[in-house]
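Take a look at the structure set out below.
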Amino acid sequence: MTAIDPTAHLSAEQIEELGRELDAIRDEVIAARGEKDAAYIRKVISAQRKLELASRGILLFSFFPPAWIIGTAGLSVAKIMDNMEIGHNILHGQWDWMRDPKIHSTTWEWDHVSPSEQWKHSHNELHHTYTNVIGKDNDLGYGIMRVDEDQRWHPFHLGQPLWNFLNACFFEYGIAAYDLELGKNLHKRRRNNPEFRARARAVGRKIRKQVLKDYVIHPLLSGPSFLTTLAATFTANLVRNVWTHSVIMCGHFPEGVQVFERRSIKGETRGQWYLRQMMGSANISGSKAMHFMTGNLSHQIEHHLFPDLPSNRYAEVAVKVRALFEKYELDYVTGPLPKQVFSAWHKVFRLSLPNKKPKVKTPDREQELAAA
Amino acid sequence: MTSTALRSRAWKLMEMVTTPLLPSDYLDLVSPLRAGADLRGRIEAVHPETADAATLVIRPGRGWRGHTAGQYVRIGVDVDGVRLWRAYSLTSPTDRRDGRITITVKAIEDGKVSNHLVRRAVPGTLIHLDQPTGDFVLPQDTPAKVLYLTAGSGITPVMGMLRDTRFDDAVMVHCAPRPQDVIFRDELHDLAAGDKLRLTEVHTATDGILDIARLDALVPDWAERETWACGPAGLLDAAEKHWAEHGVPERLHTERFRAGVVATGDGGEVTFSATGKKADADGATPLLDIGEEAGVLMPSGCRMGICFGCVTPLKAGAVRDLRTGEITEAAPGVLIQTCVSAAAGPCDIER
């Protein structure tokens with residue numbers, strides 16, 4: 001959809017060969033999955049639970065400022081771990097192979113207002129199948145933003161930096177609304193659809209439980225620290241929301257990431273599907289700690305190619321995937337978090353304004369080679 | 001308010017504190033064997049019995065209800081990160097003072113779980129347990145004359161009975177390849193030396209497989225004895241035929257360790273057990289498509305194996321992953337992605 005198709009230099013055979021090479025990478029990891037991987041996720045889950053327990057314990061004394069700071073920081077990290085490295089990845093079925101009914105995509109529930117069942121549908125099924133296809137993948141702008149020059153501009157889009165900021169602060173609610181397809185379903189005729197109502201009730205129940213826990217029960221348990229604990233849980237939720245929103249924005253929004261037209265995926269082959277994932281995702285570079293705190297979504301490209309591989313394997317897979325990008329002369333979009341966040345926000349601002357319709361150029365391979 | 005009602009209120013409050021997790025998710029971190037927890041056990045010791053058999057001493061969780069001699073227990077063990085469930089006979093007496101239980105495992109060729117337990121299991125490991133079950137047990141009144149006909153690891157449920165009960169007249173015919181392959185050999189010989197058991201060992205490596213007709217010579221009064229037989233299918237089939245031919249089938253009690261081997265091939269008849277529908281499947285069509293064509297409401301999602309929106313329990317049979325060719329056999333708790341799995345023989349999908 002962008003002016004120049006960055007994959008135009010690949011022949012159909014090359015794209016299928018690329019698909020086979022990616023399949024081989026996947027098979028290799030699957031064959032090697034084992035005890036160490038299982039121990040990894042168990043360790044992360046156990047660490048998350050202990051951290052949350054300890055932080056909530058400390059917050060019982062949150063009227064004492066150092067306790068407030070430590071407890072809030074701990075709870076923020078615990079909530080990020082729950083959503084990212086644990087929840088997101090388990091709900092992808094990355095750990096289903098362990099056959100542990102307690103760590104399974106069909107049974108897991110996360111500390112988030114969107115019920116995992118609904119999130120799995122909108123995220124695993126719609127977003128991951130139709131990655132970056134305008135009109136099919138609503139993750140692109142969550143239905144409230146303009147994300148590509150080709151999309152028609154509307155005065156509503158002038159406000160999109162503000163919408164995006166609010167969405168970041170209350171991200172879990174944004175996701176819940178998005179999983180419910182609230183915008184579409186609030187339409188008069190659809191509001192009374194029993195299936196929608198049942199799903200809305202499920203979200204309502206989940207919100208009630210989460211709110212009761214964070215803003216009533218735990219503050220009450222803190223007694224004299226009621227208000228400070230309330231402030232702490234609010235802050236932890238805010239930190240978690242802004243963090244996850246930032247990480248997720250980096251996955252598909254930075255400059256250089258491609259979006260696709262609906263008709264481009266008709267009859268898509270496995271190789272073409274892989275190629276779309278490669279061109280439609282972006283990574284975040286950084287330390288091991290950074291990868292962990294993003295739930296390894298810093299390896300967004302690898303995650304989109306292989307959404308069901310255990311997250312602790314993405315780092316080693318990334319080396320091989322990157323080599324394929326080089327081999328096939330494709331652009332591997334990556335960068336440190338601040339750069340990627342800036343890039344994504346820059347796009348949000350840029351596209352809030354109208355632009356001229358870009359002309360579609362066919363790349364001239366000869367000319368490109370001569371220039372290079 | 002009764003104490004039960006009070007406790008359930010308190011538990012509800014606890015659930016509000018821990019949502020979306022359950023209080024037990026936190027309690028499991030510190031006390032996985034407590035009362036009220038999912039039933040688990042901890043391996044406390046592993047004692048080698050023969051070159052390829054070992055006894056595991058297990059401390060069961062507080063919820064363990066106790067067993068009857070001769071029964072088995074299903075245990076769930078994580079092997080290479082994958083939880084696998086197998087059944088093993090309990091070999092400990094029912095009144096063991098320290099409350100521990102034992103199972104005795106023989107490593108079978110290519111047996112993932114048995115080899116793991118015999119050769120790699122380490123004390124301290126947590127395993128998952130079911131309550132004991134099985135009707136390969138003695139009646140309320142111990143029979144006056146008993147015959148045990150066993151082979152290989154078929155000795156294990158019988159050992160549970162021998163350790164638990166005093167017999168007036170018990171005879172055992174046990175088959176194993178060589179003397180050193182006889183599990184519990186020392187203990188059996190001690191029982192024989194103390195006149196508590198009349199023991200005949202058949203060494204199949206030198207004598208060949210036991211011909212059931214030899215029983216007349218080995219145990220002339222076999223037909224008068226209440227008999228418990230456990231071992232390979234061949235031995236049990238022969239025994240059942242022999243007892244029936246002599247008109248005393250009710251005196252024979254058998255225990256088969258392995259259900260029929262799952263036949264894996266290309267395609268087969270698929271049963272959708274929840275709806276009762278059936279359909280023929282080839283080895284290349286995803287079960288999702290087979291089900292939908294048969295008019296079964298199948299959960300579905302991306303249809304390419306990435307979203308896990310179609311996972312469904314596999315109740316019987318085997319399926320093949322169309323991407324990797326890997327075979328998955330039915331077992332409790334096994335779920336398959338129907339969009340990338342094809343029938344590898346007859347199978348049963350819970351839809």
Side-chain angles (χ1 to χ4, degrees), chain A residues 23 26-27 30-31 33-42 45-46 49-50 52-53 56 82 91-102 104-106 108-112 115-116 120-121 123-130 206 209-210 212-213 216-218 221 270 273 304 306-308, chain B residues 12-30 32 37-38 40 76-85 116 120 125-126 128 299-314 321-326 328 331-337 339-340:
Chain A
D23 276 338
R26 180 177 187 279
D27 292 349
I30 289 202
R33 275 186 320 205
E35 216 167 294
K36 273 193 190 158
D37 302 280
Y40 169 78
I41 190 64
R42 292 214 167 90
I45 290 171
S46 147
R49 286 177 185 170
K50 287 172 187 158
E52 176 160 359
L53 216 57
R56 300 245 189 215
D82 173 88
L91 293 178
H92 259 293
Q94 291 183 5
W95 303 98
D96 281 12
W97 59 273
M98 287 162 53
R99 295 189 187 170
D100 181 341
K102 295 216 162 144
H104 200 277
S105 64
T106 54
W108 192 264
E109 194 52 85
W110 55 348
D111 181 29
H112 195 287
S116 56
K120 271 194 291 184
H121 170 72
H123 180 85
N124 289 4
E125 186 182 336
L126 301 181
H127 169 54
H128 272 273
T129 314
Y130 304 112
K206 193 82 197 289
K209 280 188 181 171
Q210 295 292 102
L212 204 62
K213 171 178 83 158
V216 180
I217 307 247
H218 281 281
L221 286 173
R270 179 130 183 99
W273 181 84
H304 261 267
F306 313 115
D308 59 346
Chain B
K12 283 241 169 70
L13 182 71
M14 283 290 285
E15 282 177 1
M16 283 161 85
V17 171
T18 59
T19 188
L21 298 181
L22 295 169
S24 60
D25 291 326
Y26 288 99
L27 292 173
D28 283 353
L29 289 175
V30 287
D38 288 354
R40 304 183 181 91
V77 198
D78 293 336
V79 182
D80 294 332
V82 182
R83 180 150 319 153
L84 299 173
W85 286 84
H116 176 86
R120 286 167 51 207
T125 308
L126 217 50
H128 298 260
S300 67
C302 66
R303 295 180 172 270
M304 57 190 296
I306 61 167
C307 84
F308 288 69
C310 66
V311 291
T312 302
L314 175 65
D321 188 317
L322 288 166
R323 299 165 301 178
T324 59
E326 193 193 351
T328 301
V334 169
L335 296 132
I336 54 155
Q337 292 173 272
C339 73
V340 287

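Everything numeric here is computed off the predicted structure, so don't read it as measured data. Chain letters run A, B, ... following the sequence lines, proteins first and then strands; every chain starts at 1.
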- Do the charged groups of A/K206 and A/D111 touch, with an N to O distance under 4.0 Å? no
- chain B shares the most heavy-atom pairs under 4.5 Å, among A/I45, A/D96, A/L91, A/D23, with A/D96
- Using non-hydrogen atoms only, which part of A/K102 is less than 4.5 Å away from chain B: side chain, backbone, both, or neither? side chain
- Proximity breakdown for A/R56 and chain B, heavy-atom pairs closer than 4.5 Å: neither
- Task: List in chain and number order the residues that pass side-chain contact (heavy atoms from CB on, under 4.5 Å) with A/P101, two or more places apart in sequence or in another chain; answer none if no residue qualifies.
- Result: B/R83
Can you list, pair by pair, the side-chain donor-acceptor contacts under 3.5 Å of residues 300-308 of chain B, counting residues two or more places apart and other chains?
residue	atom	partner	partner atom	Å
B/R303	NH1	B/D289	OD1	3.3
B/R303	NH2	B/E292	OE1	2.8
B/R303	NH2	B/E292	OE2	2.6

- Side chains of A/S116 and A/K120: is there a donor and an acceptor less than 3.5 Å apart? no
- Portion of B/V311 that has a non-hydrogen atom of chain A nearer than 4.5 angstrom: side chain
- Note on the structure: Whatever's closer than 4.5 Å to a heavy atom in chain B on A/I41 counts as neither
- Message: Report which part of A/W95 has an atom under 4.5 Å of a heavy atom belonging to chain B: side chain, backbone, both, or neither.
- Response: neither
- Query: Under a 4.5 Å heavy-atom cutoff, which of A/W273, A/F306, A/Y130 has the most pairs with chain B?
  - Reply: A/W273
- Query: Counting heavy-atom pairs under 4.5 Å to chain B, which of A/L53, A/I30, A/D37 comes out on top?
  - Reply: A/L53
- Message: Counting heavy-atom pairs closer than 4.5 Å to chain B, which one of A/R26, A/H121, A/H123, A/E52 comes out on top?
- Response: A/R26
- With a 4.5 angstrom heavy-atom cut-off, could you sort out which part of A/S105 is near chain B: side chain, backbone, both or neither? side chain
- Ionic contact status for B/D28 with A/R49, cut-off 4.0 Å: no
- Task: Return the option, out of A/H112, A/H92, A/H127, with the maximum number of heavy-atom pairs under 4.5 Å with chain B.
- Result: A/H92
- Who wins among A/R33, A/R270, A/E109, A/K213 for the most heavy-atom pairs under 4.5 Å with chain B? A/K213
- Item | Exercise: identify the closest heavy-atom pair between B/M16 and B/T19 | O-CG2, 3.6 Å
- Query: Is the shortest side-chain N to carboxylate O distance from B/R323 to A/D27 below 4.0 Å?
  - Reply: no
- Message: Rounded to the nearest 0.5 Å, what separates atom NE2 in A/H128 from atom CG in A/D308?
- Response: 10.0 Å
